[in-house]
Number of protein chains: 2
Amino acid sequence: MNKPYQILIADDHQMFIDGIKLIFSNHPEYEIVAEALSGKDVLDRFKTNKIDIAILDVNMPKPNGFETCKIIKKQYPDCKIMILTMYAEGQFLNEFIDSGASAYVLKNAGKAELLRALESIVNGQVYIGKQLKLIADVPEKDGFSKSFSLTKRELEIIALLAKEKTSAEIAEILFISTYTVNTHRKNILNKLDVKNTAGLIKYASESGIV
Amino acid sequence: MNKPYQILIADDHQMFIDGIKLIFSNHPEYEIVAEALSGKDVLDRFKTNKIDIAILDVNMPKPNGFETCKIIKKQYPDCKIMILTMYAEGQFLNEFIDSGASAYVLKNAGKAELLRALESIVNGQVYIGKQLKLIADVPEKDGFSKSFSLTKRELEIIALLAKEKTSAEIAEILFISTYTVNTHRKNILNKLDVKNTAGLIKYASESGIV
DNA sequence: ATCACAATACCTATTTATAGGTATTTTTCA
DNA sequence: TGAAAAATACCTATAAATAGGTATTGTGAT
């Protein structure tokens, strides 16, 4: 086997770092050689360790994930970087593209997706978490660029539809008019280019947002 | 109707117990007659209650799920036991078989699977969660995969619903009456214990049917 | 041969979803 | 601050789904 990839993990919560370490514990192709609790920490670790892949939390203190990423990329252009984020916020997409990172994944993505993202990275590809792709205008790599972006509200409504709620029930839960819910549903169906709720739920399920 | 099955739930997190109770709240065929927060608790409850089915968390304190299970089985061989686990860990499979339990299900399995597992149990079958079966290489004895008892026709209709077809379209494709399609849909919703097509497609998607 | 189940079909009533609009207010960002 | 995007709301009409039934025919297993 090749030498394992040397990985740095950075997050301001030690527990989260431990969780990630656990995932890697039975994956000898990756070796965690450094941990950091802040952006400044990360840069220090880079001075003493050889890092192949850095996994950075967006919401890290001092220089945040994206800022840290840019600095690293300038000094160590060969290092691949994965950005982890807590919430599916679309506005960070531009920052992500700017930062030069190779992967953008939700924290609650689960083990399988984390490993898939790493695999993409080591193969020189860019990986964007499925949930994040839904809310961002990301061109699909296979020519057909399905370009849509679901808003926060639309994602809320999808989540409730997946819980078998009717428009009227959703309206009550969100304190808005049933008319509004139906408008949102109309827009969602158009954006995702599906014909009905069945298609919508199937799409959402496959994309990992429900 | 027959007398409801008397159920005990054991988990060291009260919130989880409450969640399970909610699932049963509109299933009068099951009645929760006891709760326990530890293995020792469970054994105490057995002394005062008649229990038909015990639902035990693996990671319970004192005697854990499997140990508790063995003790119960020795004293109350007629009691059926369902073991719940947080993670899809294969190494517990042997313990499960040893323990004499009747069902082994992931905690995040969802309502439908929980109910299906219970149905299997009361029919004297052994049920192993789909995700667990995948990692455990359990031979497909007759009855395992059939436990959710969807008919061939019902599966066809689910597949077409996932392709965004309406009842009328399905009727045309299958050369049957729309009435018949709707009857099937009614039966499917009942069997899977979902409220509408959204729930149906979500379930089908999670189960790998579509 | 009979029994259970699957598949079929029909009926009615009600609820919910979809499709076509228009239009105002609020938020976000350049 | 001004434009764009998001969220809101309303209206109407039709299509579709859901829920409650009942009932007949085919089919495979004991």
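The shown structure was predicted, so the numbers you read here are calculated from the model rather than taken from an experiment. The sequence lines fix the lettering, A, B, ..., with proteins before strands; numbering per chain opens at 1.
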For the side chain of [X] and the backbone of [Y], is there at least one donor-acceptor N/O pair under 3.5 Å apart?
X: Glu172(B); Y: Glu169(B); value: no
X: Thr180(A); Y: Ile176(A); value: no
X: Arg45(B); Y: Glu35(B); value: yes
X: Asn196(B); Y: Gly199(B); value: yes
X: Gln6(A); Y: Asp52(A); value: no
X: Asn49(A); Y: Ile51(A); value: no

Open item on the list: Under 4.0 Å, counting only non-hydrogen atoms across every strand here, what does Thr180(B) touch: a base, just sugar-phosphate, or nothing?
Closed with: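 If one applies the 4.0 Å heavy-atom cut-off, Thr180(B) turns out to touch a base.
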Open item on the list: Applying a 4.0 Å non-hydrogen cut-off, can you work out what Asn196(B) is touching in the nucleic acid: base, sugar-phosphate, or nothing?
Closed with: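 The residue Asn196(B) makes sugar-phosphate contact but no base contact.
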Residue [X], side-chain heavy atoms: nucleotide from [options] that is nearest:
X: Leu189(A); options: dA19(C), dT18(D), dA17(C); result: dA19(C)
X: Lys152(B); options: dC10(D), dT18(C), dA7(C); result: dA7(C)
X: Tyr179(B); options: dA9(C), dA9(D), dA17(C); result: dA9(C)
X: Thr151(A); options: dA6(D), dT18(C), dT8(D); result: dA6(D)
X: His184(B); options: dA17(D), dA19(C), dT8(C); result: dT8(C)

Task: Lys/Arg-Asp/Glu bridge criterion (N-O < 4.0 Å) met for Lys191(B), Glu154(B) - done: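 Judged by the 4.0 Å cut-off on N to carboxylate O distance, Lys191(B) and Glu154(B) do form a salt bridge.
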Round to the nearest Å and state the distance from [X] atom [atom1] to [N] atom [atom2].
X: Leu160(A); N: dA17(C); atom1: CG; atom2: P; value: 12 Å
X: Asn190(A); N: dT18(C); atom1: CG; atom2: C1'; value: 10 Å
X: Ile201(A); N: dT18(C); atom1: CD1; atom2: P; value: 10 Å
X: Glu154(A); N: dA6(D); atom1: CD; atom2: P; value: 8 Å
X: Leu161(B); N: dA16(D); atom1: CG; atom2: C1'; value: 12 Å
X: Asp193(B); N: dA19(D); atom1: CG; atom2: P; value: 11 Å
X: Glu156(B); N: dA6(C); atom1: CD; atom2: C1'; value: 12 Å
X: Asn187(A); N: dA9(D); atom1: CG; atom2: C1'; value: 13 Å

Open item on the list: Applying side chain to side chain contact (heavy atoms under 4.5 Å, CB included) to Asp57(B) and Ile83(B), what does each step give before you reach the verdict?
Closed with: CA-CA 6 Å; Asp57(B) 177 27; Ile83(B) 302 275; over 6 Å; no
TODO: Flag yes if more than 12 heavy atoms outside Lys40(A) fall under 6.0 Å of its NZ atom; otherwise flag no.
DONE: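 Incorrect, the count does not exceed 12.
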Open item on the list: Looking at every non-hydrogen atom in both residues, tell me the closest pair between Val194(B) and Leu200(B) and how far apart they are.
Closed with: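 Closest pair (atom of Val194(B), atom of Leu200(B), distance): CG2-N, 3.8 Å.
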Task: Residues touching DNA chain C, which here means a heavy atom under 4.0 Å, drawn from residues 171-178 of chain B - done: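 DNA chain C contact set from residues 171-178 of chain B: Ile176(B), Ser177(B).
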For nucleotides 20-22 of chain D, print each protein N/O atom paired with a nucleotide N/O atom at under 3.5 Å, atom names and distance only.
{"residue": "dG20(D)", "atom": "O6", "partner": "Lys186(B)", "partner atom": "NZ", "Å": "2.5"}
{"residue": "dG21(D)", "atom": "O6", "partner": "Lys186(B)", "partner atom": "NZ", "Å": "3.1"}

